[in-house]
Structure formats: structure tokens, C-alpha cells
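Worksheet: one structure, shown below.
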Amino acid sequence: MKKRVLAFLCALLLLTGAVPFAAAQEGETLRAADALHTLGLINGTGTSGYALESPATRAQAAVLLVRLAGAQQDAAADNWFSGYRDVPTWASRAVHYAVHQGWIDSPASAGLDFHPDTAITADEWFTFLLRMLGYDDAAGDFSPDSAALFAQHIGLTPQVSTGSLSRGQLFVLLESALSFSYKDGSATVISRLIDRGIVSRAAANALGFLSPVLTARQVAERYTAAAFHLDVYTRQIELDIDMPMVNASGFFISADGLAVTNYHTIEDSVHAVATLSTGEVYPVQRVLYYDPDADIAVIQISKTSRSGHVTSAFAHLDIAPSGTRDVRPGDPVYTLSDPLGMGLAVSSGIISATNRDVERYSVPCLMSTADISQGSSGGALLNALGQVIGVTSGAYTYGNSMYLAVPIDPVLSADLTGEGWTIREIKEREAA
């Protein structure tokens, strides 16, 4: 017989239902510059001393890249010549070293100009930075002409960056990169700088880079890229005219496209697509695990977008290793979802109950005060460490701040190695 999820009585509502980087505000660029100065990564002081509104040049970017890698001494000791002959003395070792490492392209022929005084573009900066972090454009990890988009796609930057960068804008992007991990997962940028003795651990800790407890702003900046808007088509006609019937949310749990949502978001549907914070749209390829009673599903998102672009990786969230076992009332929590389909958003609150029995669900739910709305079904409920503890699912409509999430625990023990099913096959399977 078909498993039917009991309709939740009127007491419960099921919750199915971007600004370009162009110019960072002066206060934001100054804050980032002060943080970098405290860490010893840039010189100067104050708006005029940092020259925040001046264009960031290619030579300056090369110097900052080497500093971000903690490789100043290596660059000074490297006598390799890149072939660029127009590099000023103050930047020569950094430029030649960065070329030697493959972070900056070699000249096509001997003596070709580097154009050190030309303003660097966002795509150029992220091409340099992604290579330094271990991403290989030659191997297809990303394309230099859309490096900034890929950087947002994987969570390296919280906002789209376009055009030429000012020094202030570059400082904001530089600071954002400090918390990001190298591609091989060996370390974050800031931790490697500390290990190499370039940055003081005390200074990094004072600025909050080493604290495992995250603020709402840090959650938004670091993890929004791992959540997505989910459009669900319940009939073929909706798919034919591209008019989805259901809007919901979801989030990635692996770089290769494994994601989580609520089962009720895909129930009785034939197709679904995920829209990322970048605006890229990727189809749901398979359902690898689902539990109607626990209202949870693990889906595989295709690496090929609707436009035909193939991505090498997705930003993703870590699941709390112990699931909800250590969650207690009063714990701070954050949500990432797409309320009302108006765009990805973060909210904060506390856990108000950890074992709320709800007729709809086979397992006790988490109840919190972190706001969610229609469209938030399938979003992530995170603990203060930024780890997933639940999937945002519903709310008591006649209560205040009584929002429900199903525990993430079933995913920890789920077998995700099988072939799975398409969404259409799930519909047919459950109808049998």
C-alpha cells in the first residue's frame, strides 16, 4: 500500500509554498582593511592611508596574493624569472613567484607586458586566488572568464563581484577568503598563515577568525551558497510550460551535489530544479534516500546546469557528527532557506524544545524561534558551529515563534550508495 503522510491538522502549516557586489560601502572596506592591517597583511591606516577608493592594480593584487599564501619569504628567495619585463621592483619577486607557482599566467612570449598598473578585475583576482587555493582551471575546475561566479558558487565570496576592483573591494574579498579552506581540505587560509608564523594566533583569535561559534553574519557569508531554492513540478504540463507548482528549499551536504530537502516538497511530483545563490539552475537528478514518515529526502543534484554548464563542485554544509544528540533547549540556532521564494535568507533564534511530538512525523521534532516561512521547507537548521542539525519543515500557525524542523539524524545512517530513483519514479513507487 502507498504510504500516505497524514495531513497535519489546522494547528500546523507545512512550509512549502541578490544584490551585486558592485561597490562595497566605505565602512565595510575600512573594517576589512583594519582587520588585514591587524593581521600584518597590509600596510597603511585610515581611509586615505589604505587608499580604499583607488583602483587595485595587478601588481598590488600579486603582492597580496603571495602574502595571503604566506609565501613572502619563499618569493624573496626565488630567483626564477617569469619573462615579464615591465614589473616594478617592489612587486617583482611576488609577480615572478606567483607565475612560477602557476597562480598567474606566464607571458605568451618573452618580454610580454604584465601591465602592473592596470586595475585588476574580479575575474582576474579570483582566477589568481582559486589557483592559489588548489583549483585548476586547466583541468576544468573553473573558467577564468567566470572565475568570480564560480567563487560565489563554492562560497568563497558571499556576493557576485564584477568589473574592476578598488583597493577597498579587494580588501573585503581578501578578508572573506581567510576563513575559506584550500581545495584539498588540509587547512583554512588563516590557519595556514598562523602555522607559517605569518599571522599571530592572538590577533586572529581577537578578530574572531578562530572562534568555532559563528555569528549570524558569518553564517550568512560562509554558508548561504550551500542552500538553494527548489522549484517542484507536480505534473508534466507544469514542466512543459516551466511553471512549477511548489516552491521550497534545500541544501548541499557534499561538494559533488548530494543535497537534503523535505520529503513532502517532492512528494507526488515529476521533476524539480535547484536555483543557487548565483542564479544558476541545476536539475534534481536522483533521489538516493527518502523517508515519508520522517519527512526527509536526500537528492542528487546534477552537475550540469540547465544552460549546459558543468560545475566541478558545490558549496556544502557539514552535518553535526552526533546529529541532534547534543542539542539542548536554549542552544542558539540559525536557518538557511528561501522563505516565500523571495531569495535565500538567514534567520537566528534558539532551540525551544528538542522532542516535540507532532502527529505528522515519526520522530520528535526540534522546535525553535528561528523564523521560517512558506517556501522554507527543506532548509537547513544549523547549530552555532554552522553544522546541520535539522531540516526546516513547518510551524504552528496559532503560536508565536514555534517553528519546527525534523532531525537530520536519519541522513547520518542512510545508505546513499545505491542508484536511487528519479522523482517521477518515487511518485509511481509510492502510488503502487
Side-chain angles (χ1 to χ4, degrees), residues 35 154-158 175-182 184-195 201-202 204-228 249-255 258-260 277 296 298 313-337 344-355 365-372 376 378-393 403-414:
I154 61 173
L156 176 55
T157 180
E175 185 203 21
S176 179
L178 290 170
S179 300
F180 200 76
S181 296
Y182 283 80
D184 62 7
S186 59
T188 61
V189 173
I190 190 70
S191 64
R192 185 164 293 184
L193 288 170
I194 292 171
D195 290 343
R201 181 176 293 276
N205 189 54
L207 291 169
F209 288 108
L210 303 184
S211 174
V213 177
L214 304 178
T215 64
R217 174 171 178 159
Q218 288 172 325
V219 168
E221 291 185 343
R222 297 181 189 181
Y223 300 129
T224 297
F228 54 81
S249 304
F251 56 92
F252 291 103
I253 57 172
S254 75
L258 280 184
V260 175
S277 62
I296 201 164
V298 179
F314 294 100
H316 62 283
L317 300 169
D318 291 330
I319 296 176
S322 58
T324 59
R325 189 173 60 217
D326 298 326
V327 178
R328 298 291 183 272
D331 286 349
V333 288
Y334 303 102
T335 69
L336 284 174
S337 65
L344 294 170
V346 62
S347 68
S348 63
I350 62 167
I351 292 290
S352 43
T354 59
N355 58 350
C365 292
L366 300 171
M367 191 169 76
S368 82
T369 62
D371 291 337
I372 53 177
S376 291
L381 182 69
L382 309 177
N383 62 19
L385 305 181
Q387 301 167 328
V388 182
I389 57 173
V391 185
T392 56
S393 305
Y403 303 106
L404 298 173
V406 295
I408 195 65
D409 302 64
V411 177
L412 288 170
S413 57

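All values below come from the heavy atoms of this structure, side chains included, with hydrogens, waters and symmetry mates left out.
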Within the 4.5 Å heavy-atom criterion, are I296 and V260 side-chain neighbours or not? yes
To the closest 0.5 Å, what do you measure between CG (D318) and OG (S254)? 11.0 Å
When rounded to the nearest 0.5 angstrom, what is the spacing between OG in S352 and CE in M367? 3.5 Å
When you compare the side chains of S337 and S249, does any donor N or O come within less than 3.5 Å of an acceptor on the partner? no
How long is the straight-line distance from CZ of R325 back to CG of L412, given to the nearest 0.5 Å? 9.5 Å
Considering only heavy atoms from C-beta outward, does the side chain of I372 approach that of L381 to under 4.5 Å? no
When you compare the side chain of L317 with that of F252, does any pair of heavy atoms fall below 4.5 Å? no
Measuring from atom OG of S368 to atom CD1 of I350, what distance do you get when rounded to the nearest 0.5 angstrom? 8.5 Å
Nearest non-hydrogen partners of A320 and I389, listed with the distance: CB-CG2, 3.9 Å
What are the two closest heavy atoms between L382 and G386, and how far apart are they? CD2-O, 4.0 Å
State, with a plain yes or no, whether a side-chain heavy atom of V327 is found less than 4.5 Å away from one of N383. no
Closest non-hydrogen atoms of I408 and G323, given as atom of the first, atom of the second and distance, are CG2-CA, 4.3 Å
What are the two closest non-hydrogen atoms of S277 and A225, and how far apart are they? OG-CA, 3.7 Å
Around atom CZ of R201, are there more than 12 heavy atoms from other residues, nucleotides or ligands closer than 6.0 Å? no
Looking only at atom types and distance, does a side-chain atom of T188 sit under 3.5 Å from a main-chain N or O of S179, one as donor and one as acceptor? no
Close side-chain approach of L178 and F209, heavy atoms under 4.5 Å: yes
Are any of the side-chain heavy atoms of Y223 and V346 separated by less than 4.5 Å? no
Would you kindly say whether S347 and T335 are connected by a side-chain donor-acceptor distance under 3.5 Å? yes
Would you please test I154 and F314 for side chain to side chain contact (heavy atoms under 4.5 Å, CB included) and show each step? CA-CA 5 Å; I154 61 173; F314 294 100; over 6 Å; no
Quick check: closest heavy atoms across Q218 and G208, and the distance to 0.1 Å? NE2-O, 3.8 Å
Side chains of S176 and L156: does their closest heavy-atom pair fall under 4.5 Å? no
Among D371, T392, T369, side-chain hydrogen bond (donor to acceptor under 3.5 Å, both in side chains) partner for Y403: D371
Exercise: identify the closest heavy-atom pair between Q387 and I319: CB-C, 4.3 Å
Can you find a pair of side-chain heavy atoms, one from F251 and one from V391, that are under 4.5 Å apart? yes
